[in-house]
Amino acid sequence: MKRGPRMADIASDDPDLEELIACPQCDALYVAREPASGERIMCRRCHHVLIAPRSGAFGRIVALAVTVMILMFGATFFPFLGINAQGITNRASVFDAALAFVDGGWMMGLSVAVAALIVLIPAARAALVVYVIAPLALGRRPWPGARRAFRWSEDLRPWSMAEIFVIGVAVALVKVSDLARVEYGPAFWMFAGLVVVIVLQDATMCRWTIWKTLEDRRP
Amino acid sequence: MQMDNMEDTGRQTPLVTARQEGLVACTRCTRVWPIGTDRCARCGTALRSRDRGSLQRVWAWLAVGMICYIPANVYPMLRTRVLFNSSDDTIIEGAIELASHGAVGIAIVIFVASVMIPVGKFVAIAWLAYSVAKPLSMEPHRRHKLYEVVEFIGRWSMIDVFVVAILSALVQLNFAASINPGPAAITFALSVIFTMLAAQSFDPRMIWDTNRESLSG
């Protein structure tokens, strides 16, 4: 496992608190150092990634988040998949999949949850990220409420399940394939692309850099 | 930003935790503050050196998650009707049915995501919470690894719920065939959500505290 390179341990002299960083997973304390672009600084004890900046990351994150919003809109409402068996066809959008539980009364809650997990939360996260990072990318001061917006975006992260939905689709297709012929709609490809973009966006985000920039540029 | 040139060679100074230095760390943005500070001024998160209530929340969410998992396996997940034959499949029956149709790989995916991961997660979370309270335990590095795996993998159990959602939306072919969700879909989804909350409630910093430190509050 790669060690945090040249990450200084806290010295006996007392540095400014602003220059310290504590591992959120194991509480180990370090003197923070701005690493070179592309370099990753890890906690020496538990190997949690603490700092991983990329040059030009802000601009790229905003571009990717805008892409997510556009693709998500298309992927939700365009035909996603269709099946054909003995002359009967049925098409479903992602929106229909979310509404699959509506008829059963108390199943309604599950529909709301599925819609949230695969459409609303990923889209909301993208919007929040644009709101927080766009001014930073332009070198401006953060917009009001940026800290709260970024907190929300981080809280939503585990609940954004678009990539899990894609695996679910793959499984469902195998189940359906001996029952009927499957047609792929445009939204299917949009959703597949969407997942790649979401993963790229998360990999480009260095939380420490964003929080620090929000603090440094606070109005 | 202070640049420190200490090389990461074999000679390493012993690690110090924020708590030992009289500091409290923000688990969201990694900023540190003097102990006793209520709220992180950088990101606005409430600060706690160690989250004492954490274990109670872990046990509570875990208990609810496990309770929901029982009906999730007893009641049908999918109601399939082809012409005049209809069948109700529980999670396990669904996986067996897939395997019997030759889709062994997919059956394994479903079995792993819906049975092995949830059950493994119950055991892992319970054991992590127990090992923090009663230190008889294995090395912190391995426990921390276990925690990371549990955090990462928990969401993937949702696969089966999404499979049911897509199948139910897609397979509606009048008299020829239809697939509808069964009651297990909802309790299974709840079980996944509650266990995710249990894992999120756990404060992994407690893994690294020595017994004396964690007892002295």
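Every chain is numbered from 1, with letters handed out A, B, ... down the list of sequences. Small disclaimer: the values here were computed from a predicted structure and weren't measured.
Looking at B:Gln200, the atoms closer than 4.5 Å to chain A (heavy atoms on both sides) all sit in the side chain, from C-beta outward. With a threshold of 4.5 angstrom between heavy atoms, A:Arg207 does not approach chain B through any atom at all. With a 4.5 Å cut-off on non-hydrogen atoms, B:Ile106 touches chain A through its side chain but not through its backbone. Only the side chain of A:Arg218 comes within contact range of chain B, with at least one heavy atom under 4.5 Å from a heavy atom of that chain. Heavy atoms of A:Val171 lying under 4.5 Å from chain B belong to its backbone as well as its side chain. Contact annotation for A:Ile210: neither backbone nor side-chain heavy atoms come within less than 4.5 Å of a heavy atom of chain B. For a residue to count as touching a neighbouring chain, one of its non-hydrogen atoms must lie under 4.5 Å from one of that chain's; by this rule B:Leu170 touches chain A with backbone and side chain alike. Contact annotation for A:Ile164: both backbone and side-chain heavy atoms come within less than 4.5 Å of a heavy atom of chain B. Looking at B:Ala185, the atoms closer than 4.5 Å to chain A (heavy atoms on both sides) sit in the backbone and in the side chain alike. Both the backbone and the side chain of B:Val161 have a heavy atom closer than 4.5 Å to some heavy atom of chain A. For A:Ser111, no part sits under 4.5 Å from any heavy atom of chain B, backbone or side chain. For B:Ile110, the part lying near chain A is the side chain, with the backbone staying farther off; criterion is any non-hydrogen pair under 4.5 Å. With a 4.5 angstrom heavy-atom cutoff, B:Ala177 touches chain A only via side-chain atoms. A:Thr209 does not touch chain B: none of its heavy atoms, backbone or side chain, sits under 4.5 Å away.
Chosen from B:Gln172, B:Arg28, B:His144, the residue pairing most often with chain A at heavy-atom distances under 4.5 Å is B:Arg28. Between chain A and the residues B:Gly154, B:Ala103, B:Ala41, the most heavy-atom pairs under 4.5 angstrom are made by B:Ala41. The candidate with the highest count of non-hydrogen atom pairs below 4.5 Å against chain A, out of B:Ala113, B:Gly105, B:Ala165, B:Gly94, is B:Ala165. For the set A:Val182, A:Val94, A:Val174, the count of heavy-atom pairs under 4.5 angstrom toward chain B peaks at A:Val174. Of the residues considered (B:Gly44, B:Pro183, B:Cys43, B:Ala25), B:Cys43 shows the highest number of contacts with chain A, using heavy-atom pairs under 4.5 Å. The residue among A:Arg148, A:His48, A:Arg91, A:Lys175 with the most heavy atom pairs within less than 4.5 Å of chain B is A:Lys175. Comparing A:Ala92, A:Cys26, A:Cys23, A:Ala113 by heavy-atom pairs within less than 4.5 Å of chain B, the highest count is held by A:Cys26. Counting heavy-atom pairs closer than 4.5 Å to chain A, the top-ranked of the candidates B:Ile179, B:Ile166, B:Asp203, B:Thr27 is B:Ile166. Looking only at heavy-atom pairs under 4.5 Å with chain B, the residue among A:Val176, A:Leu173, A:Leu110, A:Leu81 that has the most is A:Leu110. Note: A:Asp155 leads A:Asp96, A:Leu214, A:Asp155 in heavy-atom pairs under 4.5 Å with chain B.
A heavy-atom distance below 4.5 Å is not found between the side chains of B:Val32 and A:Ile21. Annotation: side chain of B:Leu78 is not in contact with side chain of B:Pro181 (no heavy-atom distance under 4.5 Å). Residues A:Asn90 and B:Val171 are not in side-chain contact: their nearest non-hydrogen atoms beyond the backbone lie 4.5 Å or more apart. Side chains of A:Gln25 and B:Tyr147 form a contact here, defined as non-hydrogen atoms less than 4.5 Å apart. Put simply, the side chain of B:Ser201 reaches to within 4.5 Å of the side chain of B:Trp61, judged on heavy atoms. Residues A:Asp216 and A:Glu18 have side chains in contact (heavy-atom distance under 4.5 Å, counting atoms from C-beta outward). Using a 4.5 Å heavy-atom threshold, the side chains of A:Ser153 and A:Val129 count as touching. Taking 4.5 Å as the limit, every side-chain heavy atom of B:Met77 sits out of range of all side-chain heavy atoms of B:Thr90.
Ring geometry, B:His141 versus B:Trp208: the interplanar angle exceeds 60°, so the pair is classed perpendicular (tilted spans 30 to 60°). In this pair, B:Phe188 and B:Tyr69 present their aromatic rings tilted. The plane angle is within the 30 to 60° band.
Other residues, nucleotides and ligands contribute only 12 or fewer heavy atoms inside 6.0 Å of the CH2 atom of A:Trp152. A 6.0 Å sphere centred on CZ of A:Phe77 holds more than 12 heavy atoms belonging to other residues, nucleotides or ligands.
Contacts with chain B (heavy atom to heavy atom, under 4.5 Å) involve no residue of residues 183-195 of chain A.
Not counting sequence neighbours, the partners of A:Glu163 by the salt bridge (Lys or Arg N to Asp or Glu O under 4.0 Å) test are B:Arg155.
Judged by the 6.0 Å distance and 45° axis criteria, B:Arg31 is positioned over the aromatic ring of B:Trp33.
Residues A:Arg54 and A:Thr204 bring no donor and acceptor atom of their side chains to less than 3.5 Å of each other. No donor-acceptor contact under 3.5 angstrom links the side chains of B:Asn180 and B:Ser168, judged on distance only. A donor-acceptor contact closer than 3.5 angstrom is absent between the side chains of B:Arg79 and B:Ser86.
Atoms OG and CD1, on B:Ser191 and B:Ile186 in that order, are 13.0 Å from each other to the nearest 0.5 Å.
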